[in-house]
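In what follows, a single structure is set out as structure tokens and then discussed.
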Amino acid sequence: MANIIQSAAGRINTTPLDLNGNLQKILKLCGTAQSQGIKFIAFPELVLTGYNCGDLFSHPNFVKAASSALLKIKYEMPEDLTVGIGLPLLANNGKVYDGYALVKKGKILGLSVLHSFYNNKDSRIRFFVTPTVNAEDLEFIVGSESYQAQSVFDVDGTKVGIFFNDGDSQFVKGSDLLVCPEATRFELYSENERLEKATKLSVTFNCEVLVTNLLGCESGSDIFDGLSIFAKDGKLEAVGSFLSFKRYDLVTKDCGIHNFLEEYDTIVRAVALGQFDWMLKTRSHGFALSMSGGADSGLCATCVCYGQLAALDELGFDEYKEILEGLKFNVPDFTGDIETYIKTQIMPQLLITVYQGSAVSGSVTRTAAMKVAQNLGSTHYEWSIAKLVEDYVSIINGTTPNDPLNWDRDDLTLQNIQARSRAPGIWMIANRYNKLLMSTCNASEDAVGYCTMDGDTAGGLSPIGDVSKSRILRINQHIADEGIEVEAGGLKLNVPDMSYISAQAPTAELRPGQTDERDLMPYVILDRIHELHQADFLSPKAILDTIVGEYTKFSREDLLTFVKRYFQKLAVNQWKRERGATTFHIEKNDLNAKSGFIFPLLNDGYKSLLEDLK
């Protein structure tokens, strides 16, 4: 094996379409690398344009603009450095390919393209063409030069292979350094699989492996974890920090092996990173939240506070202050304890929470909302929607005086008007103070449509919309008992009064005595049905047979009712999922109507597929 050039993984928090902003971050890291004696930087897939450019990948002018940005890097980057940069490439056949360029000062060493999507379900596939085995026959024009696609390059005597996925295997043999440029979104539990793959590649190709991934929530739903890996001889040499809040940085073998957070801490960190990027990229003055005193709103609020704590801890005060002052926050000098500083100086400006009580609201939820808001430092208000609901009911009853509303017949109508009466007030707060309004839906409710459209679904962002309710309940208990870690074994966010929320049975509190699980089924069973359906692809009959053996405290008849209820509600509520606010991809079995669970809007209500349950 040849001597390997001193290399680094370059991570930047990309913004789609922002060619100039993305290339400026690349150039800044090039300068940093030169000062550290680094000779080669591998940036991720599509780092120059951003990953989620959608149909603009099919626009020749945009793709040509990306090539022009690449030329700017070629001329402005430092001497004695080589960089690998992912971007879309327009070929001589007029088609656009997912590509990668290796560049030195004043020279493009060559271009590589993805050979195959290799059975990938990635929605990005529709925007690119795959050349399969004929990639080397393609020509790409960048500036005044023409290049043929290749997969292995000579970089200062080191053979560098570009490996997008297993479809490239036959083309990168003989590499000394295998670069794996990724645009892999965060997904719970996926990191161990990716670490294992990197070590296996180092054995298969008998070379060093460098994995580099995009970072941050660049365009709305996908959160990129920035996982950077160095592997050799089947062992990990270095693993960079996970879900970093940095805007750009370099990861080298000197970084050592990062310690991952535990499951619940990792989920909170991923959601918090997504919220932080949304605030920055929408130029919003923080967040607004209808704080019900329940599990979902409590977790959404906690993630906001966690994000500020993590950002200050990782970015340092000067950069953190510059970012927040750019959004017109007042950032006092940092003194004392970091958690106290965030809760007392930043959170009152950044998060507004409102408890909107109704005629059926109780003191338990009101107290829980107030206590958690105090723990986090949000500006907290309380008001009642009882008069608004009464007025709406009076309007309808006045219109139909001989047919007044009543709970026996109009249960759903009377519940929904309460949820919808909460939306206008919190929207006014969000509009008045330029806040991002958060919806508090979760994956379990999304599955069965247990939400009120234009009510509790109001908002532009649904941070925990891809986290199952049974998991949310466990996360909140973990927060109440232990706090939530920002650093493994180190800094943590403490919200002890989350115990006021975790002690409650989940309830929408829209009618007297109402609880979620009484309306639906136990959340652990609902979430298990969801998992068996989407992860294991089991039929309703097979799911029923499975859970009968797992939940022995319930009769087969009860479980049969739950299975039917799940699928009937799943089928008729797709319209709600398609109208819902943007969610972050967290769990593998994503219900996102655009990029996750694709389901027909009009259907038979699952009748045919439930026939074998009779």
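Starting from 1, each residue takes its place in the sequence as its number. Note that the structure is a prediction, hence the values are computed from the model and not measured.
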Sequence neighbours excluded and cut-off under 3.5 Å, please list the side-chain donor-acceptor pairs for residues 486-496, or say none.
| unit_1 | atom_1 | unit_2 | atom_2 | d |
| --- | --- | --- | --- | --- |
| K492 | NZ | E482 | O | 2.8 |
| N494 | ND2 | E339 | OE1 | 3.2 |

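- With sequence neighbours left out, K541 forms a side chain to side chain donor-acceptor pair (under 3.5 Å) with D545.
- Residues meeting the side chain to side chain donor-acceptor pair (under 3.5 Å) test with R577, sequence neighbours left out: Q574.
- Residues that satisfy the side chain to side chain donor-acceptor pair (under 3.5 Å) test with S421, not counting sequence neighbours, are absent from this structure.
- For E445, the side chain to side chain donor-acceptor pair (under 3.5 Å) partners at least two apart in sequence or on another chain are N442.
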Can you list the steps and then say if H585 with S221 is a side chain to side chain donor-acceptor pair (under 3.5 Å)?
CA-CA 6 Å; H585 177 76; S221 183; over 6 Å; no
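- Pairs of residues two or more places apart, or lying in two chains, that qualify as salt bridge (Lys or Arg N to Asp or Glu O under 4.0 Å) and include a residue from residues 290-300 are D296-K469.
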Apply side chain to side chain contact (heavy atoms under 4.5 Å, CB included) to the pair V524 and Y551, showing each step before the final yes or no.
CA-CA 10 Å; V524 290; Y551 299 97; 4.3 Å; yes
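- By the salt bridge (Lys or Arg N to Asp or Glu O under 4.0 Å) test, D277 is found to be paired with R247, residues two or more places apart in sequence or in another chain being considered.
- Counting heavy atoms from C-beta outward, N375 and M498 have side chains that stay 4.5 Å or more apart.
- Every pair passing salt bridge (Lys or Arg N to Asp or Glu O under 4.0 Å) that includes a residue from residues 391-406 is listed here, sequence neighbours excluded: K387-D391, D403-R409.
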Output side-chain donor-acceptor pairs under 3.5 Å for residues 427-438, partner residues at least two apart or in another chain, one line each.
| unit_1 | atom_1 | unit_2 | atom_2 | d |
| --- | --- | --- | --- | --- |
| N434 | ND2 | R283 | O | 3.2 |
| K435 | NZ | H285 | O | 2.6 |
| K435 | NZ | Q349 | O | 2.5 |

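- Residues Y264 and V268 form no side-chain contact, since every pair of their non-hydrogen atoms from C-beta on lies 4.5 Å or further apart.
- For L602, the CG atom sits in a loose shell: 12 or fewer heavy atoms of surrounding residues, nucleotides or ligands are nearer than 6.0 Å.
- A search for side chain to side chain contact (heavy atoms under 4.5 Å, CB included) contacts involving E262 returns D265, not counting sequence neighbours.
- Taking the salt bridge (Lys or Arg N to Asp or Glu O under 4.0 Å) definition, one finds that E390 meets it with nothing, sequence neighbours left out.
- Every pair passing salt bridge (Lys or Arg N to Asp or Glu O under 4.0 Å) that includes a residue from residues 522-534 is listed here, sequence neighbours excluded: R528-E531, R528-E550.
- Side chains of L526 and Y566 form a contact here, defined as non-hydrogen atoms less than 4.5 Å apart.
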